Amino acid sequence: MARPLNIGMIGYGFMGRAHSNAYSQVNHFFDLQYRPVLKAICARDEAKAKAFAATWGYESVETDWRKLIARKDIDAIDICVPNNMHREIALAAAVAGKTILCEKPLAMNSQEGAEMVAAVEKAGVANMVWYNYRRVPAVTLAKNLIDAGRLGKIFHYRAVFLQDWTISTDLPQGGAGLWRLDVAAAGSGVTGDLLAHCIDTALWLNGGIDRVTAMTETFVKERKHNLTGKVEPVGIDDACAFLARFKNGALATFESTRYARGHKALYTFEINGEKASIQWDLHDLHRLSYFDHRDEGTLRGWRSIHVTDGDHPYMGKWWVPGLQIGYEHSFVHQVADFLESLANNKPASPTFRDALETQKVCDAVLESGRTSQWVTVG
Ligand SMILES: NC(=O)c1ccc[n+]([C@@H]2O[C@H](COP(=O)([O-])OP(=O)(O)OC[C@H]3O[C@@H](n4cnc5c(N)ncnc54)[C@H](O)[C@@H]3O)[C@@H](O)[C@H]2O)c1
(Lines give C-alpha, C1' and ligand atoms only; values in the text may rest on other atoms or scores of the structure.)
Protein backbone atom coordinates (compact mmCIF):
# COMPACT_ATOMS: atom_id res chain seq x y z
CA MET A 1 0.00 0.00 0.00
CA ALA A 2 1.51 3.36 -1.10
CA ARG A 3 2.15 5.95 1.63
CA PRO A 4 -0.02 9.08 1.44
CA LEU A 5 1.58 12.43 0.55
CA ASN A 6 -0.91 15.12 1.53
CA ILE A 7 -0.96 17.90 -1.05
CA GLY A 8 -1.91 21.49 -0.30
CA MET A 9 -2.20 23.31 -3.61
CA ILE A 10 -2.24 27.10 -3.91
CA GLY A 11 -4.00 28.42 -7.03
CA TYR A 12 -6.61 26.64 -9.12
CA GLY A 13 -6.00 28.12 -12.57
CA PHE A 14 -4.41 26.50 -15.60
CA MET A 15 -1.62 24.83 -13.65
CA GLY A 16 -3.86 24.01 -10.70
CA ARG A 17 -5.90 21.86 -13.08
CA ALA A 18 -2.87 20.32 -14.81
CA HIS A 19 -1.32 19.32 -11.46
CA SER A 20 -4.59 18.08 -9.94
CA ASN A 21 -5.06 15.86 -12.96
CA ALA A 22 -1.51 14.53 -12.58
CA TYR A 23 -1.94 13.77 -8.86
CA SER A 24 -5.23 12.00 -9.60
CA GLN A 25 -3.84 9.85 -12.39
CA VAL A 26 -0.30 9.02 -11.39
CA ASN A 27 -0.91 5.94 -9.21
CA HIS A 28 -3.25 4.45 -11.81
CA PHE A 29 -0.35 4.11 -14.23
CA PHE A 30 2.87 4.13 -12.18
CA ASP A 31 3.79 1.70 -9.42
CA LEU A 32 4.97 4.02 -6.64
CA GLN A 33 5.67 3.99 -2.94
CA TYR A 34 3.84 7.30 -2.45
CA ARG A 35 0.27 8.30 -3.28
CA PRO A 36 -0.68 12.00 -3.53
CA VAL A 37 -3.80 12.85 -1.54
CA LEU A 38 -5.72 15.98 -2.59
CA LYS A 39 -5.95 17.33 0.95
CA ALA A 40 -6.56 21.04 0.44
CA ILE A 41 -6.95 23.63 -2.28
CA CYS A 42 -6.18 27.25 -1.43
CA ALA A 43 -7.50 30.30 -3.28
CA ARG A 44 -8.86 33.67 -2.25
CA ASP A 45 -12.43 33.16 -3.52
CA GLU A 46 -14.00 30.58 -1.19
CA ALA A 47 -16.99 29.78 -3.41
CA LYS A 48 -14.78 29.16 -6.44
CA ALA A 49 -12.31 27.17 -4.36
CA LYS A 50 -15.17 24.99 -3.05
CA ALA A 51 -16.40 24.40 -6.59
CA PHE A 52 -12.86 23.44 -7.66
CA ALA A 53 -12.54 21.14 -4.63
CA ALA A 54 -15.81 19.43 -5.57
CA THR A 55 -14.73 18.96 -9.20
CA TRP A 56 -11.31 17.53 -8.41
CA GLY A 57 -11.97 15.81 -5.09
CA TYR A 58 -10.01 18.03 -2.69
CA GLU A 59 -10.96 17.26 0.92
CA SER A 60 -10.86 20.85 2.18
CA VAL A 61 -10.50 24.50 1.22
CA GLU A 62 -8.36 27.36 2.54
CA THR A 63 -8.50 31.02 1.53
CA ASP A 64 -5.21 32.08 3.15
CA TRP A 65 -2.04 30.29 2.03
CA ARG A 66 -0.38 30.96 5.40
CA LYS A 67 -3.08 28.90 7.11
CA LEU A 68 -2.54 26.13 4.59
CA ILE A 69 1.19 26.05 5.33
CA ALA A 70 0.50 26.03 9.10
CA ARG A 71 -1.61 22.88 8.81
CA LYS A 72 0.01 19.78 10.29
CA ASP A 73 -1.88 17.46 7.95
CA ILE A 74 -0.25 18.97 4.82
CA ASP A 75 3.02 17.34 3.65
CA ALA A 76 3.62 19.14 0.36
CA ILE A 77 2.86 22.65 -0.86
CA ASP A 78 2.27 23.05 -4.58
CA ILE A 79 2.73 26.64 -5.78
CA CYS A 80 0.47 27.35 -8.78
CA VAL A 81 0.09 31.12 -8.45
CA PRO A 82 1.60 34.06 -10.35
CA ASN A 83 5.38 34.45 -10.25
CA ASN A 84 5.50 37.33 -7.75
CA MET A 85 4.11 35.00 -5.05
CA HIS A 86 6.51 32.08 -5.49
CA ARG A 87 9.27 33.39 -3.22
CA GLU A 88 7.20 34.32 -0.19
CA ILE A 89 5.23 31.08 -0.21
CA ALA A 90 8.30 28.91 -0.80
CA LEU A 91 10.26 30.57 2.03
CA ALA A 92 7.37 30.05 4.47
CA ALA A 93 6.80 26.47 3.32
CA ALA A 94 10.51 25.66 3.72
CA VAL A 95 10.56 27.00 7.29
CA ALA A 96 7.49 24.86 8.01
CA GLY A 97 9.39 21.81 6.75
CA LYS A 98 7.06 21.13 3.81
CA THR A 99 8.00 19.41 0.60
CA ILE A 100 7.68 22.05 -2.14
CA LEU A 101 6.65 21.79 -5.76
CA CYS A 102 6.83 25.20 -7.42
CA GLU A 103 5.65 26.32 -10.82
CA LYS A 104 8.13 27.90 -13.23
CA PRO A 105 9.80 30.31 -13.48
CA LEU A 106 11.25 29.67 -10.02
CA ALA A 107 11.12 33.37 -9.12
CA MET A 108 10.93 36.94 -10.41
CA ASN A 109 14.74 37.07 -10.74
CA SER A 110 17.81 35.11 -9.72
CA GLN A 111 18.28 37.05 -6.48
CA GLU A 112 14.88 35.81 -5.29
CA GLY A 113 15.66 32.39 -6.73
CA ALA A 114 18.92 32.18 -4.75
CA GLU A 115 17.03 32.96 -1.55
CA MET A 116 14.59 30.16 -2.34
CA VAL A 117 17.41 27.70 -3.02
CA ALA A 118 19.08 28.64 0.28
CA ALA A 119 15.78 28.20 2.14
CA VAL A 120 14.96 24.72 0.83
CA GLU A 121 18.54 23.52 1.23
CA LYS A 122 18.75 24.87 4.80
CA ALA A 123 15.44 23.23 5.69
CA GLY A 124 16.43 20.02 3.90
CA VAL A 125 13.03 19.73 2.21
CA ALA A 126 12.40 17.94 -1.08
CA ASN A 127 11.78 20.43 -3.89
CA MET A 128 11.11 20.55 -7.60
CA VAL A 129 10.14 23.09 -10.27
CA TRP A 130 7.53 22.24 -12.89
CA TYR A 131 9.56 22.48 -16.10
CA ASN A 132 7.31 19.80 -17.50
CA TYR A 133 8.58 19.66 -21.11
CA ARG A 134 11.52 17.53 -19.97
CA ARG A 135 8.99 14.75 -19.40
CA VAL A 136 7.43 14.73 -22.86
CA PRO A 137 8.59 11.25 -24.00
CA ALA A 138 10.06 12.56 -27.29
CA VAL A 139 12.07 15.20 -25.39
CA THR A 140 13.30 12.59 -22.91
CA LEU A 141 14.26 10.42 -25.87
CA ALA A 142 16.25 13.36 -27.27
CA LYS A 143 18.09 13.56 -23.93
CA ASN A 144 18.82 9.83 -24.02
CA LEU A 145 20.18 10.05 -27.58
CA ILE A 146 22.43 13.00 -26.70
CA ASP A 147 23.70 11.35 -23.52
CA ALA A 148 24.45 8.15 -25.47
CA GLY A 149 26.66 10.24 -27.80
CA ARG A 150 24.48 9.66 -30.88
CA LEU A 151 24.82 13.30 -31.99
CA GLY A 152 28.54 13.56 -31.27
CA LYS A 153 29.88 17.04 -30.69
CA ILE A 154 27.03 19.53 -30.69
CA PHE A 155 27.48 22.63 -32.85
CA HIS A 156 24.06 24.32 -32.84
CA TYR A 157 20.99 24.67 -30.62
CA ARG A 158 17.98 26.51 -32.02
CA ALA A 159 14.77 27.08 -30.08
CA VAL A 160 11.61 29.13 -30.58
CA PHE A 161 8.41 29.57 -28.59
CA LEU A 162 5.80 31.56 -30.50
CA GLN A 163 2.32 32.78 -29.55
CA ASP A 164 -0.03 35.48 -30.83
CA TRP A 165 -2.49 36.28 -28.03
CA THR A 166 -1.41 39.81 -26.97
CA ILE A 167 -1.40 41.58 -30.34
CA SER A 168 -4.63 43.53 -29.66
CA THR A 169 -3.90 46.97 -28.19
CA ASP A 170 -7.25 46.76 -26.34
CA LEU A 171 -6.12 43.86 -24.19
CA PRO A 172 -5.73 45.13 -20.61
CA GLN A 173 -2.94 44.10 -18.25
CA GLY A 174 -3.11 42.78 -14.69
CA GLY A 175 -5.58 40.76 -12.65
CA ALA A 176 -7.03 37.31 -13.26
CA GLY A 177 -5.89 35.74 -16.50
CA LEU A 178 -3.87 38.80 -17.55
CA TRP A 179 -1.26 38.91 -14.79
CA ARG A 180 1.27 37.76 -17.42
CA LEU A 181 1.17 41.25 -18.98
CA ASP A 182 1.79 42.96 -15.63
CA VAL A 183 5.52 43.14 -14.87
CA ALA A 184 4.81 43.45 -11.14
CA ALA A 185 3.16 40.01 -11.13
CA ALA A 186 5.14 38.27 -13.88
CA GLY A 187 8.65 39.72 -13.48
CA SER A 188 9.14 39.69 -17.25
CA GLY A 189 7.21 38.86 -20.40
CA VAL A 190 8.07 36.13 -22.84
CA THR A 191 11.53 35.69 -21.31
CA GLY A 192 10.33 34.31 -17.97
CA ASP A 193 7.12 32.82 -19.32
CA LEU A 194 8.16 31.07 -22.54
CA LEU A 195 11.92 31.28 -23.03
CA ALA A 196 12.38 29.93 -19.50
CA HIS A 197 10.97 26.63 -20.81
CA CYS A 198 13.31 26.70 -23.83
CA ILE A 199 16.27 27.52 -21.59
CA ASP A 200 15.47 24.78 -19.08
CA THR A 201 15.26 22.19 -21.86
CA ALA A 202 18.47 23.51 -23.43
CA LEU A 203 20.47 23.43 -20.20
CA TRP A 204 19.23 19.90 -19.58
CA LEU A 205 20.03 18.68 -23.10
CA ASN A 206 23.20 20.60 -23.86
CA GLY A 207 24.71 21.85 -20.56
CA GLY A 208 25.40 25.34 -19.27
CA ILE A 209 25.18 28.64 -21.16
CA ASP A 210 28.19 30.90 -20.85
CA ARG A 211 27.00 34.22 -22.31
CA VAL A 212 24.16 35.82 -24.21
CA THR A 213 23.27 38.85 -26.28
CA ALA A 214 19.62 39.75 -26.59
CA MET A 215 17.12 42.00 -28.29
CA THR A 216 13.79 42.65 -26.54
CA GLU A 217 10.77 44.72 -27.55
CA THR A 218 7.53 45.90 -26.00
CA PHE A 219 5.28 46.52 -29.00
CA VAL A 220 2.33 47.91 -27.03
CA LYS A 221 3.75 50.46 -24.62
CA GLU A 222 0.65 51.25 -22.53
CA ARG A 223 -2.38 49.22 -21.54
CA LYS A 224 -5.25 49.72 -19.14
CA HIS A 225 -4.44 48.05 -15.84
CA ASN A 226 -7.31 45.92 -14.52
CA LEU A 227 -6.39 46.45 -10.88
CA THR A 228 -5.98 50.26 -10.94
CA GLY A 229 -8.38 51.04 -13.80
CA LYS A 230 -5.74 53.43 -15.26
CA VAL A 231 -3.74 53.28 -18.47
CA GLU A 232 -0.22 52.35 -17.34
CA PRO A 233 3.13 51.67 -19.03
CA VAL A 234 3.70 48.04 -20.02
CA GLY A 235 6.87 46.72 -18.35
CA ILE A 236 7.11 43.27 -19.90
CA ASP A 237 9.01 42.15 -22.98
CA ASP A 238 6.50 41.22 -25.69
CA ALA A 239 9.23 39.62 -27.80
CA CYS A 240 12.79 38.51 -27.18
CA ALA A 241 15.46 37.00 -29.37
CA PHE A 242 18.90 36.11 -28.15
CA LEU A 243 22.14 34.50 -29.19
CA ALA A 244 23.97 32.28 -26.74
CA ARG A 245 27.26 30.46 -26.42
CA PHE A 246 27.12 27.18 -24.52
CA LYS A 247 30.00 26.09 -22.30
CA ASN A 248 30.53 23.11 -24.66
CA GLY A 249 31.21 25.51 -27.55
CA ALA A 250 27.80 25.20 -29.25
CA LEU A 251 26.20 28.34 -30.72
CA ALA A 252 22.53 28.96 -30.09
CA THR A 253 19.60 31.11 -31.12
CA PHE A 254 16.44 31.48 -29.05
CA GLU A 255 13.35 33.45 -30.03
CA SER A 256 10.03 34.04 -28.34
CA THR A 257 7.12 36.36 -28.98
CA ARG A 258 3.41 36.76 -28.34
CA TYR A 259 3.11 38.61 -31.68
CA ALA A 260 3.59 35.76 -34.18
CA ARG A 261 0.15 35.82 -35.78
CA GLY A 262 -1.09 32.29 -36.33
CA HIS A 263 1.02 30.62 -33.67
CA LYS A 264 -0.56 29.55 -30.38
CA ALA A 265 2.18 27.57 -28.63
CA LEU A 266 4.81 26.71 -31.22
CA TYR A 267 7.68 25.46 -29.12
CA THR A 268 10.33 23.85 -31.31
CA PHE A 269 13.97 23.03 -30.95
CA GLU A 270 16.62 21.68 -33.28
CA ILE A 271 20.05 20.41 -32.31
CA ASN A 272 22.79 19.83 -34.87
CA GLY A 273 25.66 17.54 -33.95
CA GLU A 274 28.69 16.23 -35.77
CA LYS A 275 27.04 12.84 -36.39
CA ALA A 276 23.33 13.48 -36.15
CA SER A 277 20.61 16.10 -35.66
CA ILE A 278 17.27 16.12 -33.87
CA GLN A 279 14.16 18.28 -34.11
CA TRP A 280 11.11 18.47 -31.87
CA ASP A 281 7.83 20.39 -32.17
CA LEU A 282 5.29 20.79 -29.35
CA HIS A 283 2.44 20.78 -31.89
CA ASP A 284 3.46 17.24 -32.82
CA LEU A 285 4.84 16.33 -29.43
CA HIS A 286 4.84 12.56 -29.80
CA ARG A 287 7.31 12.70 -32.72
CA LEU A 288 11.07 13.19 -32.70
CA SER A 289 12.77 13.92 -36.01
CA TYR A 290 16.21 12.36 -36.25
CA PHE A 291 18.84 12.49 -38.98
CA ASP A 292 21.89 10.26 -38.70
CA HIS A 293 24.79 10.86 -41.08
CA ARG A 294 26.05 7.30 -40.41
CA ASP A 295 23.03 5.79 -42.19
CA GLU A 296 23.64 4.08 -45.53
CA GLY A 297 24.09 6.91 -48.07
CA THR A 298 21.25 6.15 -50.46
CA LEU A 299 18.75 5.75 -47.62
CA ARG A 300 19.98 8.65 -45.52
CA GLY A 301 17.29 11.16 -44.51
CA TRP A 302 15.22 12.57 -41.68
CA ARG A 303 13.28 9.90 -39.78
CA SER A 304 10.12 10.81 -37.94
CA ILE A 305 10.13 8.61 -34.86
CA HIS A 306 6.65 8.03 -33.48
CA VAL A 307 7.54 7.95 -29.79
CA THR A 308 4.81 5.55 -28.70
CA ASP A 309 6.55 2.21 -28.31
CA GLY A 310 6.83 0.38 -25.02
CA ASP A 311 10.60 0.91 -24.88
CA HIS A 312 10.32 4.68 -25.42
CA PRO A 313 10.57 6.81 -22.26
CA TYR A 314 7.44 6.51 -20.06
CA MET A 315 5.41 4.90 -22.87
CA GLY A 316 5.43 1.39 -21.40
CA LYS A 317 3.20 2.78 -18.64
CA TRP A 318 0.43 3.84 -21.03
CA TRP A 319 -1.45 2.18 -23.87
CA VAL A 320 -0.26 -0.11 -26.66
CA PRO A 321 2.39 0.88 -29.26
CA GLY A 322 1.13 3.44 -31.76
CA LEU A 323 -1.33 5.14 -29.41
CA GLN A 324 -0.41 8.67 -28.42
CA ILE A 325 -0.49 10.58 -25.19
CA GLY A 326 -0.58 14.37 -24.75
CA TYR A 327 0.44 17.54 -22.93
CA GLU A 328 -1.14 16.57 -19.60
CA HIS A 329 0.92 13.41 -19.39
CA SER A 330 4.14 15.40 -19.04
CA PHE A 331 2.83 16.49 -15.61
CA VAL A 332 1.88 12.92 -14.69
CA HIS A 333 5.43 11.85 -15.56
CA GLN A 334 6.89 14.66 -13.50
CA VAL A 335 4.83 13.69 -10.44
CA ALA A 336 5.79 10.04 -10.94
CA ASP A 337 9.49 10.91 -11.06
CA PHE A 338 9.11 13.20 -8.08
CA LEU A 339 7.41 10.51 -5.96
CA GLU A 340 10.00 7.95 -6.95
CA SER A 341 12.81 10.33 -5.98
CA LEU A 342 11.08 11.01 -2.68
CA ALA A 343 10.90 7.28 -1.95
CA ASN A 344 14.60 6.90 -2.77
CA ASN A 345 15.55 10.05 -0.85
CA LYS A 346 17.07 11.57 -3.99
CA PRO A 347 16.59 15.03 -5.54
CA ALA A 348 14.04 15.24 -8.36
CA SER A 349 15.18 17.37 -11.24
CA PRO A 350 14.77 20.16 -11.93
CA THR A 351 15.33 21.11 -8.30
CA PHE A 352 15.18 24.72 -7.15
CA ARG A 353 18.96 24.77 -7.62
CA ASP A 354 18.62 23.52 -11.23
CA ALA A 355 15.88 26.06 -11.94
CA LEU A 356 18.07 28.85 -10.57
CA GLU A 357 20.41 28.27 -13.53
CA THR A 358 17.53 29.00 -15.91
CA GLN A 359 16.69 32.10 -13.89
CA LYS A 360 20.30 33.31 -14.22
CA VAL A 361 20.14 32.94 -18.00
CA CYS A 362 16.81 34.85 -18.05
CA ASP A 363 18.36 37.65 -15.99
CA ALA A 364 21.36 37.85 -18.34
CA VAL A 365 19.03 37.94 -21.37
CA LEU A 366 16.94 40.77 -19.90
CA GLU A 367 20.07 42.71 -18.91
CA SER A 368 21.46 42.31 -22.42
CA GLY A 369 18.11 43.43 -23.84
CA ARG A 370 18.46 46.64 -21.84
CA THR A 371 22.16 47.28 -22.51
CA SER A 372 22.64 45.77 -26.00
CA GLN A 373 25.85 44.18 -24.70
CA TRP A 374 26.98 40.56 -24.39
CA VAL A 375 26.33 39.48 -20.80
CA THR A 376 28.09 36.62 -18.99
CA VAL A 377 25.60 34.40 -17.21
CA GLY A 378 26.06 35.05 -13.47
N1 LIG B 1 4.74 24.48 -16.50
C2 LIG B 1 4.06 25.14 -17.43
O3 LIG B 1 4.07 24.81 -18.60
C4 LIG B 1 3.25 26.35 -17.04
C5 LIG B 1 2.15 26.73 -17.82
C6 LIG B 1 1.37 27.81 -17.39
C7 LIG B 1 1.71 28.49 -16.23
N8 LIG B 1 2.81 28.13 -15.52
C9 LIG B 1 3.16 28.85 -14.27
O10 LIG B 1 2.20 28.49 -13.28
C11 LIG B 1 1.93 29.61 -12.42
C12 LIG B 1 0.43 29.89 -12.47
O13 LIG B 1 0.05 30.13 -13.81
P14 LIG B 1 -1.41 29.76 -14.37
O15 LIG B 1 -1.34 29.75 -15.84
O16 LIG B 1 -1.93 28.56 -13.66
O17 LIG B 1 -2.18 31.05 -13.88
P18 LIG B 1 -3.72 31.26 -13.72
O19 LIG B 1 -3.96 32.72 -13.83
O20 LIG B 1 -4.50 30.32 -14.58
O21 LIG B 1 -3.98 30.82 -12.20
C22 LIG B 1 -3.38 31.52 -11.13
C23 LIG B 1 -4.08 31.14 -9.86
O24 LIG B 1 -3.48 31.83 -8.76
C25 LIG B 1 -4.52 32.27 -7.89
N26 LIG B 1 -4.05 33.31 -6.99
C27 LIG B 1 -3.59 34.55 -7.31
N28 LIG B 1 -3.28 35.19 -6.17
C29 LIG B 1 -3.54 34.34 -5.13
C30 LIG B 1 -3.43 34.42 -3.70
N31 LIG B 1 -3.02 35.55 -3.11
N32 LIG B 1 -3.77 33.34 -2.93
C33 LIG B 1 -4.20 32.21 -3.52
N34 LIG B 1 -4.35 32.09 -4.87
C35 LIG B 1 -4.03 33.14 -5.64
C36 LIG B 1 -5.60 32.70 -8.87
O37 LIG B 1 -6.85 32.84 -8.24
C38 LIG B 1 -5.56 31.51 -9.85
O39 LIG B 1 -6.29 30.43 -9.32
C40 LIG B 1 2.80 30.75 -12.95
O41 LIG B 1 3.98 30.82 -12.21
C42 LIG B 1 3.11 30.35 -14.40
O43 LIG B 1 4.31 30.88 -14.88
C44 LIG B 1 3.56 27.07 -15.90
Side-chain angles (χ1 to χ4, degrees), residues 8-22 40-53 55-56 58 61-69 77-90 92-93 100-109 112-113 116 128-136 139 161 163 165 172-201 226-227 236 256 258 264-265 267 282 285 326-335 338 350 352 355 358-359 362:
M9 196 171 73
I10 309 173
Y12 52 48
F14 176 19
M15 283 304 107
R17 293 169 67 233
H19 297 189
S20 300
N21 177 62
I41 176 70
C42 173
R44 292 158 301 175
D45 185 322
E46 191 173 8
K48 285 186 185 163
K50 280 187 171 161
F52 187 89
T55 301
W56 288 96
Y58 280 84
V61 164
E62 294 289 347
T63 53
D64 178 349
W65 61 262
R66 287 183 180 80
K67 284 197 182 148
L68 179 77
I69 289 176
I77 294 292
D78 189 358
I79 304 173
C80 301
V81 288
N83 309 343
N84 60 334
M85 297 180 64
H86 292 187
R87 172 187 164 275
E88 199 181 2
I89 295 173
I100 311 175
L101 302 104
C102 182
E103 257 306 339
K104 52 59 60 181
L106 176 63
M108 299 283 274
N109 52 53
E112 279 195 358
M116 293 163 76
M128 184 181 70
V129 178
W130 291 94
Y131 280 112
N132 57 300
Y133 292 113
R134 293 183 180 205
R135 265 83 178 191
V136 172
V139 177
F161 206 140
Q163 299 185 336
W165 63 281
Q173 58 172 316
L178 294 167
W179 62 265
R180 281 180 175 77
L181 280 76
D182 177 4
V183 72
S188 69
V190 294
T191 300
D193 194 32
L194 305 178
L195 283 173
H197 276 300
C198 303
I199 295 164
D200 173 75
T201 316
N226 275 330
L227 301 180
I236 59 157
S256 186
R258 295 184 182 134
K264 306 302 169 190
Y267 174 17
L282 174 57
L285 58 78
Y327 172 73
E328 68 273 31
H329 298 84
S330 62
F331 295 93
V332 181
H333 300 159
Q334 188 152 1
V335 175
F338 182 75
F352 277 27
T358 293
Q359 202 78 50
C362 289

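Read the numbers this way: they start at 1 and go in the same order the structure lists the ligands and their atoms. As the structure is a prediction and not an experimental result, all values here were calculated from the model.
W130 and D78 form a side-chain donor-acceptor contact under 3.5 Å, judged by distance and modelled atom types alone. Between E103 and H19, the side chains place a donor N or O and an acceptor N or O closer than 3.5 Å (distance only, hydrogens not considered). Inspection of the Y12 and S20 side chains reveals no N or O donor paired with an N or O acceptor under 3.5 Å.
Inter-residue side-chain proximity for L178 and Q173 is flagged as unmet; no heavy-atom pair is nearer than 4.5 Å. Contact annotation: the side chain of M116 approaches that of L106 to within less than 4.5 Å [non-hydrogen atoms, C-beta and beyond].
Within 4.0 Å of ligand 1, counting heavy atoms only, the contacting residues are I10, G11, Y12, G13, F14, M15, A43, R44, C80, V81, P82, N83, M85, H86, E103, K104, P105, W130, N132, W179, R180, H197, Y327.
Residue C42 is tested with R66, K67, E62 for a side chain to side chain contact (heavy atoms under 4.5 Å, CB included); the sole match is E62.
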